[in-house]
**Student:** 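Right, I'll just put the structure down here and ask away after.
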Amino acid sequence: MTVQHPLLEPGASALATPLPRVLRPQRAVPSDAVRPTRAEINLANLRHNLRVLQRTAAGAEVWAVLKADGYGHGAKAVARTLERAGATGLCVALLEEGIELREAGIRVPILVMGGYYGRAWGEILRHELTPVVFDPGQIEELADEVRYSSSEPIAVHVKVDTGMGRLGVMPKDLGTLGASLLRHPEVRLQGLMTHFACADTGQGIDDQLDRFEAASASLRAMGLSAELRHAANSAAALSSPRARLDLVRPGIALFGVSPSEGLSTELRPVMRIQSEVIALRELGAGMSAGYGATWRARRPSRVATVPMGYADGLSRGLSNNGHVLVRGKRAPIVGVVSMDMTMIDVTEIDGVRLGDEAVLLGAQKGPLGSDAITTEEVARQLGTIPWEVLTAVSRRVPRFYREP
Ligand SMILES: *Cc1c(COP(=O)(O)O)cnc(C)c1O
């Protein structure tokens, strides 16, 4: 007897109608890099941050959140490092991201949190990923796929919306969802999770946890108990002991950014972006630099060009606003950031030469001193959050992994 594949029209063969394949664009790799602009990823600092979170989690597991290519750091290398250093699970947003990590040889559980699977349940089973579900339809489709492929029951985590207003089953619909789980033994409840709306300020954490505990109790009353209950992102993991439960899901803190001011001073930045001065010119008073002539020299000035622009993830919002480090000192960005290049005023920095290192993010020690441009500082200048600054670094910037 042939079994009808749940994703194909009746009678269609899986060979004649290929299921969608997941394609991933490639990032520039170090061996292709001619341009000196690069992101250095400090793996020792990454491991240090994991240890800080493990210590803080005090017995709860740490499942590292590596969505959006590991917050821009390169998910595969970050995942390998964290797996070896004792992270017991990983979380991603997209099915595609989960597949990428499995194909890179990652063995620990991978939770796919985004909740969208495009009905590609076969990919979930094939790659042994753990989906987050919140809708009875998802449970039915998943159960069909398990039966069709004669797989073992699949573990899922159920997400409850306790106040984020984004994704998850609403508490009033828990009974229906629970009934669907009971009808489908192919789908096994392993985890129960929620997500905080205001973990950075601490506001509402207790209310959301109260609702989460009520949800957990009502499922338990139906005979459904989850062995892994989790809620905490970085901010909640660092600040709220009650939120730590069975496991914590930190993202940004692993990359050395404190999710709100002063929450942890022990974290060490993981990404550093460096380039070089590739051109230098003397501009007389009144001469301008860059598109639109938005900056004019008020005095005779030295202007250096650095080959990183908005297409690399250096926001145009830093035009006439941000800084770059040269020789250990801060040089202001002058004119608008263009697609591939940025100009800086080095008039006050003695001895700048072609080929000098220019640091756009992170620390620099130079002959004139030492300083650092933090992700938090750049985010403040742009009126955004550090998450956006890190994930904006584009695939044109090769990542170099450093084991100091
Ligand atoms: C992104 C995300 C996290 C991690 O958040 P950070 O603030 O970066 O620690 C945790 N849980 C969910 C559901 C997320 O989407």
Side-chain angles (χ1 to χ4, degrees), residues 46 49-50 52-54 56-57 60-73 75 78-79 82 87-98 101 109-116 129-134 156-169 191-205 208-209 212 215 226 228-240 243-264 266-267 269-271 375-376 379 384-393:
L46 178 68
N49 297 335
L50 175 66
V52 169
L53 284 154
Q54 283 168 328
T56 314
E61 291 183 40
V62 176
W63 284 29
V65 179
L66 301 186
K67 57 199 183 188
D69 201 20
Y71 289 46
H73 295 66
V78 167
L82 292 175
T88 49
L90 302 175
C91 307
V92 294
L94 313 186
L95 175 56
E96 295 90 313
E97 294 171 339
L101 293 184
I110 299 175
L111 186 67
V112 181
M113 302 192 299
Y116 186 81
L129 302 169
T130 307
V132 168
V133 298
F134 37 81
V156 300
H157 290 209
V158 163
K159 185 165 193 179
V160 188
D161 187 348
T162 58
M164 175 70 181
R166 188 176 70 174
L167 210 64
V169 55
L192 190 65
M193 66 184 287
T194 194
H195 192 45
F196 295 119
C198 311
D200 49 341
T201 62
Q203 208 191 349
I205 283 196
Q208 284 197 255
L209 283 173
F212 186 60
L228 296 173
R229 303 192 319 144
H230 50 107
N233 59 4
S234 298
L238 291 169
S239 66
S240 165
R244 287 168 201 151
L245 303 170
D246 299 311
L247 68 87
V248 296
R249 305 188 306 262
I252 197 79
L254 285 167
F255 301 105
V257 176
S258 178
S260 62
E261 212 154 325
L263 210 49
S264 176
E266 285 180 88
L267 301 169
V270 175
M271 190 189 291
T375 312
E376 291 92 326
T384 183
I385 54 174
W387 289 257
E388 191 178 31
V389 173
L390 291 176
T391 55
V393 178

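Note that these values count all heavy atoms, side chains included, but never hydrogens, waters or copies made by symmetry. For ligands, and for the atoms within them, numbers begin at 1 and follow the listed sequence.
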**Student:** When you measure from the side chain of S234 to the backbone of G251, do you find a donor-acceptor pair of N or O atoms at a distance under 3.5 Å?
**Tutor:**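 A pair under 3.5 Å: yes.
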**Student:** Mark up the atoms of ligand 1 that fall under 4.0 Å of a heavy atom belonging to K67, in ascending order.
**Tutor:**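 Every atom of ligand 1 under 4.0 Å from some heavy atom of K67: 1 (C), 2 (C), 3 (C), 14 (C), 15 (O).
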**Student:** Quick check on contacts: which atoms of ligand 1 are under 4.0 angstrom from a heavy atom of M113?
**Tutor:**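 Going through ligand 1 atom by atom, the ones under 4.0 Å from M113 are 12 (C), 13 (C), 14 (C), 15 (O).
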**Student:** For T130 versus V156, what's the shortest heavy-atom pair and its separation?
**Tutor:**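 What the structure gives for the nearest pair is CG2-CA, 4.2 Å.
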**Student:** State, to 0.1 Å, how close L50 and L254 come at their nearest heavy-atom pair, and which atoms those are.
**Tutor:** CA-CD2, 3.8 Å
**Student:** Which atom names give the shortest non-hydrogen contact between P386 and A379, and what distance separates them?
**Tutor:** N-CB, 3.5 Å
**Student:** Using distance alone, decide if ligand 1 has a nitrogen or oxygen within less than 3.5 Å of any nitrogen or oxygen in I252.
**Tutor:** yes
**Student:** Who's the nearest protein heavy-atom neighbour of atom 11 (N) of ligand 1, and how far?
**Tutor:** R249 NE, 2.9 Å
**Student:** Roughly how far, to the nearest 0.5 Å, is CD of E97 from CE of M113?
**Tutor:** 9.0 Å
**Student:** Polar-atom distance check: W387 versus ligand 1, any N or O pair below 3.5 Å?
**Tutor:**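 N/O-N/O distance below 3.5 Å exists for this pair.
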**Student:** Considering all heavy atoms of both residues, which atom of R249 and which atom of V65 are nearest to each other, and what is their separation?
**Tutor:**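 Smallest interatomic distance, heavy atoms only, reads O-CG2, 3.3 Å.
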**Student:** Looking only at heavy atoms, what is the nearest atom pair of Q203 and C198, with distance?
**Tutor:** O-CB, 3.3 Å
**Student:** Any non-hydrogen atom of P250 lying under 4.0 Å from ligand 1?
**Tutor:** yes
**Student:** Tell me which one of F255, F196, Y71 gets a heavy atom nearest to atom 6 (P) of ligand 1.
**Tutor:** Y71
**Student:** Tell me, which protein residue and heavy-atom name are nearest atom 13 (C) of ligand 1, and how many Å apart are they?
**Tutor:** H195 ND1, 3.5 Å
**Student:** Would A253 count as a polar contact of ligand 1, with the cut-off being nitrogen or oxygen pairs under 3.5 Å?
**Tutor:**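 No, there is no polar N/O contact under 3.5 Å.
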**Student:** What protein heavy atom sits nearest atom 9 (O) of ligand 1, and how far away is it?
**Tutor:** S234 OG, 2.5 Å
